[in-house]
Every structure is written in structure tokens, then in C-alpha cells.
Protein chains: 2
Amino acid sequence: MNTRAHIIQLADTLIRDKGYNAFSYHDIAKTIGIKPASIHYHFPVKSNLGVAVIEKQIDRLFAVIEKYKSKSAVERLDKFLSIYTAIQKDNKICLVGSLATDFNTLDEQVREKLKTFSELMLDWVSDFLEEGRSTELFEFEGSSRTKAIMIVTNMLAIVQLSRLTNEQDFDTVKNSIKQDLIKK
Amino acid sequence: MNTRAHIIQLADTLIRDKGYNAFSYHDIAKTIGIKPASIHYHFPVKSNLGVAVIEKQIDRLFAVIEKYKSKSAVERLDKFLSIYTAIQKDNKICLVGSLATDFNTLDEQVREKLKTFSELMLDWVSDFLEEGRSTELFEFEGSSRTKAIMIVTNMLAIVQLSRLTNEQDFDTVKNSIKQDLIKK
DNA sequence: AGATATATATCTATTAGTAGGTAGGCAAAT
DNA sequence: ATTTGCCTACCTACTAATAGATATATATCT
């Protein structure tokens, strides 16, 4: 892997493991095997790296959205849930949740990029919920955006909360979302 | 207010504003008007302060639980929601959410205290949900603990997420929880 | 009552370490 | 010959934490 991509990947992992303000260029440098100052060649200031991490996640979500474009609403829901399942298995948390916690310490550019990412995610979830309801796969009351927020907040928070309680709580939430949504 | 209590209160606010790793003894010292070293007299190491912050929140929640002991399940739900409403209005986040994000950087003592706090909160919510269902005020499927987790994750995450989206999303979630729960 | 001891709460000064960031050099690839 | 990608060396600022001095109460003993 090229160094730049490697730095982004490690930063992403560190942010979702320890939080934005708890990782340093040193952490990344020692893992890659270069000097901290060399990271500055690729990302002059830390917020540049923060923005790059979010941009990469946006790209990845875009790719998922494209890939699942013509799949059923249930398949798209399962894909959404599987993304968080992977996060939870890795003892990490969602990027949005991590950076939202540190929001008041972030640069304007990082904040704006983060807003773009969260909107993209909410729009995607709203879309497949709406479609699932119109095809009578799903059943729920209120707007699809409201339901999307309810589901996204469940997943965003359970990856955080299950660090304190236990792993099973994650499955409980996942199953509860599906059971609540799928038309009987 | 005595200095010790003042320090705890400021630390609590800072943790829920910027996160545990983004606040320093200096931040607290300059607000109170004493020197950073003086904070060490009250809390030798930072984790001592972290534990004290959680302990104070546990005490406050205990007081709420006691006060609302004999009130209706609906009143207790409203009280629970109002706690998060106050947090959101203040542009802060929930202590559990903030420290869960930084969990992998925390001392064992802080982690354990945090677990105690989250258990207390989940037990309280489970209790009034269960009682609300048995008195036919609430309607929901599955165990009361599962429902408690769903509701707590909604609130924990929406105070974080609404920093990125907009304030109305908070009210949307709050209303959605009540509407979903209250028996028609 | 007066002297003495103790506890409380702060200060100044310092340490060791880490943070993000900059300047300038150098070797290899293009 | 220039760009790329890294290096060494450095800087400033901040971090948590410690040591030791000081001032002021408060309690205890004679």
C-alpha cells in the first residue's frame, strides 16, 4: 500500500479506537516505520488528515450505495447493519459518533466534511426505508427521515455503549431494528 | 461553591463539551482562578477527577430515581427525556457517550465507574418501562431491557448527531420515542 | 490564654514527556 | 533537472505530575 493511503487507514482506525484528540502523528509514524515529521509531507496539518479520513469513508459509502442501487430494501438494510457489525467486532466505533464527540474541538473544514458524510448516510438509509415501505417490505409510521434517524442513532450509540455493557447488546439492537421494521 | 465541587462541575462540563482527552487542568484552573498545580491537591491524577465526575452524576441520578420513585411511568419517562433535552440545549453530550468514545484511553477505575453509571441508567429506564407496560400506559414488544437500550441509544446518539444536522432532529427523536411507546 | 502542632489550600518552580509543526538536506525516481 | 518522499534537527507550546514553600485556619496541649 502507498504511504498516503496507509496513513489515512491508520488514522481512521485510531480515530475510531481512541478518538481524534488521543491519536498523534507519532502513533501513525511508528506503525508505518517512518518519522513523525514525514507525515507532515503528506498532511501538513492534522485537520488535513482528518478531512482525508472522512473523504475516504464518503468514497467507500458511495461505492456501497452504487453497488446496492438495484438490490432490495431488505438487502440494503442488511448491508447497513453489517457495516456496524464489522465496527463492533473490531471494538471500534462509528466515525460520525467519534468525531461528533470531539466536534467542538474540530476545524471548520473537518466539521463540514463530517456533516456531508452524515447527510449522505442519512439520505441513503431514508431512501431504502422509503422504498421498503412503498414495496410493502417494511412497516413504520412517520417520515422515512425520522425512521432513518431512529435507526442510525441506535447503531451509532450501541457500538459505543456495548464497550461498557456487553457484546450481546449489539445483536439485541440489530435484531430489534429488523423485527420492528419487517412487515408481518 | 467549594473548590473541589467547582472543579468537578467544570470537568464534567468540559468532558461533555470537548471530550476527556481534550481538557486539561489548565482549562479548569484558569476558570476558577487558581494554578493548575493546585488542582492536583484535590485530584492527584486526572483519572481521580474522572472518577469523581462520574460519581457525582451517579449521585444525581440516584436522587432523581428516589424523587420519582412513586410517580407514574409516563412522568418518569418525561424526566428521563428532559435530562437529555437539557444536555442538547447546552450543546453538550451525554457523559456515557463522551467517555465511551474515549473508553480505550481510560484507566481501569474510570472504566469501572462508567460501567456502574450506565447500568444504573439502563436499570432505571428498564424499570419504568416494565411498570408502564404492566399498568398499560406503554406498549412495546420484547424485554424491557431491550426497549431501554433502544431508547437510551436513541437519546445518547441524537445529542451527538444533532451537532452535525440540526436541533429539530432532537425533538423529532424525542417525540418519536413517546409516540411509539404510549398506548393508543 | 498562650504556645504549639496539624490540616487545609494554595503558591512557585520544576521536571520529563508529548504535541503539532517547520526548515533544510538528501537520495532516488521521473 | 525536477519532483517525490523521506530524513535529521529543531522549535514552541502544552501536558500531567512532583517538590517544597507559604499562609491561614483549626485543634490540642500546657
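Values below: all heavy atoms of this structure, side chains included; hydrogens, waters and symmetry mates excluded. These numbers were taken from a predicted model, which means no experiment stands behind them. Chain A is the first sequence line, chain B the second, and so forth, proteins listed ahead of strands; every chain is numbered from 1.
No more than 12 heavy-atom neighbours from other residues, nucleotides or ligands sit within 6.0 angstrom of NZ on Lys89(A). For Lys35(A), the NZ atom counts as loosely surrounded, since its 6.0 Å shell holds 12 or fewer non-hydrogen atoms of other residues, nucleotides or ligands. Heavy-atom contacts from other residues, nucleotides or ligands closer than 6.0 Å to CD of Glu112(A) number more than 12.
Rounded to whole Å, atom P of dC14(D) lies 11 Å from atom CG of Asp27(B). Atom CZ in Phe43(B) sits roughly 15 Å away from atom P in dT18(D) (whole-Å rounding). One interatomic measurement links the two molecules: OH of Tyr41(B) to P of dT18(D), which rounds to 16 Å at whole-angstrom precision.
Contact annotation: Thr3(B) does not reach the phosphate of dA9(C) (side-chain N/O to OP1 or OP2, under 4.0 Å). Note on His40(B): every side-chain N or O is 4.0 Å or more away from OP1 and OP2 of dA9(C).
Ionic pairing of Asp107(B) and Lys46(B) is not present here: no N-O contact between side-chain nitrogen and carboxylate oxygen is shorter than 4.0 angstrom.
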Worked check of side-chain hydrogen bond (donor to acceptor under 3.5 Å, both in side chains) between Glu141(A) and Gln179(B): CA-CA 10 Å; Glu141(A) 279 170 30; Gln179(B) 210 172 343; 4.9 Å; no

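Of the residues in residues 29-38 of chain B, those lying under 4.0 Å from DNA chain D by heavy-atom distance are Ala37(B). Within a heavy-atom distance below 4.0 Å of DNA chain D, no residue of residues 4-26 of chain A is found.
Paired with Lys113(B) under the rule side-chain hydrogen bond (donor to acceptor under 3.5 Å, both in side chains), one option of Glu55(B), Gln57(B), Glu108(B) passes, and it is Glu55(B).
Listed candidates were dG21(C), dC6(D), dA17(D). Nearest to the side chain of Lys46(A) is dG21(C).
Counting all heavy atoms, side chain and backbone alike, Ala11(A) lies closest to Val53(A) at CB-CG2, 3.7 Å.
Note: Tyr25(B) and His40(B) have tilted aromatic rings, judged against thresholds of 30 and 60 degrees for the angle between ring planes.
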